[in-house]
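All heavy atoms count here, side chains included; hydrogens, waters and symmetry mates do not. Here is how names work: the chains are called A, B, and so on, in the same order as the sequence lines, proteins then strands, and each is numbered from 1.
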Amino acid sequence: MPPQTRRTAFPKVVIERDTESEESSSDEEEEENDVEGKEEEEDEEEVDEHENGGTIEEVSAPKKKERTPITISLKKVCKVCKRSGHEAGFKGATYIDCPMKPCFLCKMPGHTTMNCPHRVATEHGVIPAPRRNTHNSLDYVFGRQLRPNIPTIKPAFVIPDQVNCAVIRYHSRRVTCLEFHPTNNNILLSGDKKGQLGVWDFGKVYEKTVYGNIHGCILNNMKFNPTNDGTVYAASSDGTISCTDLETGIALSLMNLNPNGWQGPSSWRMLYGLDINSEKGLVLVADNFGFLYLVDIRSNNKVGEAIMIHKKGSKVVGLHCNPVQPDLLLSCGNDHFARIWDMRRLEAGSSLYNLAHRRVVNSAYFSPQSGSKILTTSQDNRLRVWDSIFGNLDSPSREIVHSHDFNRHLTPFRAEWDPKDPSESLVVIGRYISENYNGAALHPIDFIDISTGQLVAEVMDPNITTISPVNKLHPRDDVLASGSSRSLFMWRPKEKSEIVQQKDEKKIILCGRAEKKPSKKFKGESDDSDDDILSTKAKNAKAKRPGPKSTPRNLKGKR
DNA sequence: AGCGGATGATTCC
DNA sequence: TGGAATCCCTCCGC
């Protein structure tokens, strides 16, 4: 059965309107209001009388069509557009958009997120693939080696939708990247904004190490050494590449772009994109000025000169080597492009293809198995999919509207492939926009079938109230790791979580700090441990608290 | 509980 | 071209 579309059980809020303000955004909540014990009064608040926070606001004719004189109003004003007559912000757990602004989801004017067509049915605005069969240079050069053999029947998707274990206050700054160990199934690496590198054995939940002296600031990307999985490479905004031995924590610095230290922001170079080309024995990194650097893995020496691969002065945030064809490289960055390169001919302006986006491209990945698809995450709130790099690359096969806005305080969202999915269609990405789940404003992690644009599942947990921009699916197991603010979470499918729980109860743990208001009972207890891991009992106790009454439902879109 | 701070892309001049 | 203003469903700690 197809996945259900999201229900729209939002509390009804009547927005008080000005005479000239146009459409209301809230008048079509008719179906299936199972709201039994709603805490917020949904029946229209009179803004004026009993709210003591009313501000005296001068509406001083900023709009041309507005009536001339200065009027003084006691009404609350919208904190977004500063006009009176409506208010933006949270009403309970539901966010009310400012109707004067374009939709926060799809960025189109004329409606708000509440009634955006993309919210009701995710596949609504998906642009279908133009099934053209043209030949391009990629086809000519790489076609024979790369031509995929993708099975036509999709297997059922297995969604890790239950928090299995979690660590909180592990990092002292927000998590920026995650990486599963290539051979040890229970090791997760995490990088943070401070430059710290975490090694977590989530099999033995309490075993974790933090290496704090490798980088001075943001750890932007990391990758295991394919020839020695005891070491990882990392690129940091401190301008260095590190190669760290995970056992000893001893880090080698392969490159330092700021040998003379801080000379001001215009000269400070930061490293963002990173990948490894094991066939060629190269570490590839890219900086914030548009340049790509190659480092030889064996000698640790720079190979050749830096090459400008994106607009001069713009950040190159992502690099990805094709998993099948080592001569193909994909890059993306702040110049609104993802670019495909031939490693044998790397020079400024020589990209094979330039994939245009309307905003910054947070990530661009080849598909993990065949390497023939491309998936990008752009700050225009759209995922873009190119079904075949041998097809027409002038426009994406699909654009999927999804809420993953840029926010300077959040790690940029990146849609990640499920490396286990043979059909190369399942993708995971955190959601920015919140939704009211039984009275709690939660930000789910979305599983999307990029072949159709359908939302396969949205997973969330009442204990995770923060946004989860960083997500990674396990290369072999049905496990999802997510980084949400400073916390790490591991998810497993419900059935498997229960099995684990019976076997080893200690593994089912939750952490208190992710909650806005930890219950007092457990707050004290968690304070004296330094890792803030709570037990099953804590979870159960918390479940009794007012608020989310039950674990919010998940959409099980298996087929 | 309410506030400040950290801080990046974009637009405007 | 570059600096200032703006954007405005963050999150944490005081």
Side-chain angles (χ1 to χ4, degrees), chain A residues 10-11 13 25 52-53 55 62 77-83 86-107 112-114 116 119 168-176 192-194 217-218 220 237 264-268 270 272 288 310-317 332-337 357-362 377-381 402-413 430-437 440-444 460 464-470 483-487 511-518 523 527 532:
Chain A
F10 302 107
V13 176
S25 61
N52 51 2
T55 55
V77 294
C78 172
K79 67 175 183 184
V80 174
C81 71
K82 310 285 188 270
R83 299 176 73 182
H86 64 269
E87 271 186 80
F90 276 102
K91 290 273 181 265
T94 304
Y95 190 90
I96 311 297
D97 272 359
C98 171
M100 300 295 139
K101 294 285 174 181
C103 172
F104 191 72
L105 209 202
C106 72
K107 309 300 176 194
T112 63
T113 359
M114 201 69 104
C116 175
R119 184 190 185 99
I168 217 169
R169 217 209 263 157
Y170 178 67
H171 288 280
S172 56
R173 286 289 176 266
R174 61 168 207 247
V175 173
T176 52
D192 73 19
K193 196 170 163 290
K194 211 176 167 183
C217 58
I218 315 182
N220 289 306
S237 288
S266 58
S267 62
W268 185 261
M270 305 185 260
Y272 283 84
N288 58 325
H310 280 262
K311 185 182 167 186
K312 190 182 179 190
S314 73
K315 258 198 261 186
V316 183
V317 294
C332 65
N334 282 27
D335 64 352
H336 301 190
F337 279 97
H357 295 68
R358 295 224 323 272
R359 285 283 186 264
V360 168
V361 189
N362 291 342
T377 306
S378 172
Q379 291 182 7
D380 66 355
N381 263 359
H402 177 266
S403 174
H404 49 257
D405 277 71
F406 170 77
N407 180 314
R408 67 189 138 170
H409 309 292
L410 299 175
T411 302
F413 290 83
R431 196 191 306 173
Y432 188 102
I433 207 165
S434 69
E435 227 160 314
N436 184 343
Y437 295 101
L442 302 177
H443 308 266
M460 80 291 289
I464 308 174
T465 56
T466 47
I467 295 173
S468 306
V470 191
S484 191
S485 187
R486 305 174 181 182
S487 309
C511 36
R513 292 304 165 89
E515 278 191 292
K516 284 269 192 280
K517 296 169 195 162
K523 193 180 176 187
D527 271 346
D532 284 359

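Using a 4.0 Å heavy-atom cutoff across all strands shown, A:I433 reaches at least one base atom of the nucleic acid. When heavy atoms are screened at a 4.0 angstrom cut-off, A:R174 is found touching no nucleic acid atom at all. Note on A:N334: only backbone sugar-phosphate atoms sit closer than 4.0 angstrom, heavy atoms only; bases stay farther off.
Paired runs in DNA chain C that reach 3 or more consecutive Watson-Crick or G-U pairs, where each pair keeps both distances under 3.5 Å, cover B:2-6 with C:10-14, B:8-13 with C:2-7.
With hydrogens and angles ignored, the 3.5 Å screen pairs a side-chain donor or acceptor of A:N381 with a backbone N or O of A:L105. In this structure, the side chain of A:S485 does not engage the main chain of A:T466 through any donor-acceptor pair within 3.5 Å.
Rounded to a whole Å, the CZ atom of A:F413 is 15 Å from the P atom of B:dA9. Summarising the geometry, the separation between CD1 on A:I467 and P on C:dC12 is reported as 11 Å, rounded to the nearest angstrom. The CZ-P distance, from A:F90 to C:dT10, rounds to 6 Å in whole Å. When rounded to the nearest whole Å, the span between CD1 of A:I168 and P of C:dC11 equals 12 Å. A:K311 has its NZ atom 12 Å from the P atom of B:dA9, to the nearest Å. What separates CZ of A:F406 from C1' of C:dC7 is a distance of 10 Å, to the nearest Å. Following rounding to the nearest Å, A:Q379 (CD) and C:dC7 (P) show an atom-to-atom distance of 17 Å. C:dC9 atom C1' lies 14 Å from atom NE2 of A:H402, rounded to whole Å.
Among B:dT10, C:dC9, C:dC11, the nucleotide with an atom closest to any side-chain atom of A:V360 is B:dT10. The A:Y432 side chain lies nearest to C:dC9 when the options are C:dC9, C:dC11, B:dA9. Residue A:K315 has its side chain nearest to B:dA9 when only B:dA9, C:dC8, C:dC11 are considered. Of the candidates C:dG13, C:dC11, B:dT11, the closest approach to any side-chain atom of A:R486 belongs to C:dG13.
The aromatic rings of A:F90 and A:Y95 sit perpendicular to each other, their planes meeting at more than 60°, with 30° as the lower class boundary.
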Which atoms of nucleotides 2-6 of chain B (N or O only) lie under 3.5 Å from a protein N or O atom, and what are those distances?
residue	atom	partner	partner atom	Å
B:dA6	N1	A:H409	ND1	3.1
B:dA6	N1	A:H409	NE2	3.4
B:dA6	N3	A:H409	ND1	3.2

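The pair A:D405-A:R359 fails the salt-bridge criterion, with no side-chain N (NZ, NE, NH1 or NH2) lying under 4.0 Å from an Asp/Glu carboxylate O.
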